[in-house]
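See below for the structure under consideration.
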Amino acid sequence: RYCHVNVPDELLRDLLPGPVTLVLKRSEELNKDLNPFTSLVGVRVPNHPFIRELARACSGPLALTSANVSCQGSTLTVSEFQDLWPQLSLIIDGGPTGDIQSPECRLGSTVVDLSVSGKFTVIRPGCALASTVEILRQKYGLVPES
């Protein structure tokens, strides 16, 4: 209800929950202060038990950002962004958000723009690029937007 979904529900189930962020056209129902200078919004459903339970407990969407400095690797534990704590109102430790030994987990989610019907644009390769592109191209016949 917070975005216009123009892809099959099965595609959503193939990619979510998981390490993928889907960029779609925002709906009028989404708070105008979230991404105010674009008609798009990123939708992410992580496959992490704590975050999914937190989302279920909330009555609306969660607006989140990564707990790392832009262009640096993703943090996977709360202690890894300890230098940012003084700037935050709340810190919740739900455990590691990925395999802390895996360099791929630090790439962040693969971000794909699906706002144009029949096409996709990779905004950030992230940790699930190959599998995401394979699903989009081979299973659903989407083509990269040029």
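These numbers were taken from a predicted model, which means no experiment stands behind them.
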Step-by-step side-chain contact (heavy atoms from CB on, under 4.5 Å) determination, Arg124 to Leu129: CA-CA 8 Å; Arg124 180 175 70 191; Leu129 178 63; over 6 Å; no

Check: [X] side chain, [Y] main-chain N or O, donor-acceptor pair, under 3.5 Å:
X      : Y      : answer
Ser131 : Ala128 : yes
Ser74  : Leu107 : no
His4   : Ser115 : no
Arg26  : Leu34  : yes

Please find the pair of heavy atoms, one from [X] and one from [Y], that lie closest to each other, and give the distance.
X      : Y     : answer
Ser109 : Val20 : CB-N, 4.0 Å
Val78  : Trp85 : O-NE1, 3.3 Å
Pro46  : Pro17 : O-CB, 3.6 Å
Leu88  : Leu84 : CG-O, 3.4 Å
Asn35  : Leu40 : ND2-O, 3.4 Å
Ala55  : Leu62 : CA-CD1, 4.0 Å

Working for side-chain contact (heavy atoms from CB on, under 4.5 Å), residues Phe50 and Asp93: CA-CA 9 Å; Phe50 175 79; Asp93 188 351; over 6 Å; no

Linked, directly or transitively: [X] and [Y] (ILVMFWY side chains, under 4.5 Å):
X      : Y      : result
Phe120 : Val111 : no
Val133 : Leu16  : yes
Ile51  : Leu90  : yes
Val45  : Leu24  : yes

Tell me whether [X] is salt-bridged to [Y], with the criterion being a basic N under 4.0 Å from an acidic carboxylate O.
X      : Y      : answer
Arg106 : Glu80  : yes
Lys139 : Glu134 : no
Arg56  : Glu53  : yes

Distance from [X] atom [atom1] to [Y] atom [atom2], nearest 0.5 Å?
X      : Y      : atom1 : atom2 : answer
Asn6   : Lys25  : CG    : NZ    : 7.5 Å
Gln101 : Leu76  : CD    : CG    : 10.0 Å
Thr75  : Gln82  : OG1   : CD    : 12.0 Å
Leu22  : Leu11  : CG    : CG    : 7.5 Å
Lys119 : Asp113 : NZ    : CG    : 12.0 Å
Tyr140 : Leu114 : OH    : CG    : 11.5 Å

Would you say the side-chain atoms of [X] and [Y] include a donor-acceptor pair closer than 3.5 Å?
X      : Y      : result
Asn31  : Tyr2   : no
Thr110 : Thr132 : no
Ser27  : Glu29  : no

Side chain to side chain, [X] and [Y], heavy atoms closer than 4.5 Å:
X      : Y      : result
Leu30  : Val41  : yes
Val112 : Ile123 : no
Arg137 : Pro144 : yes

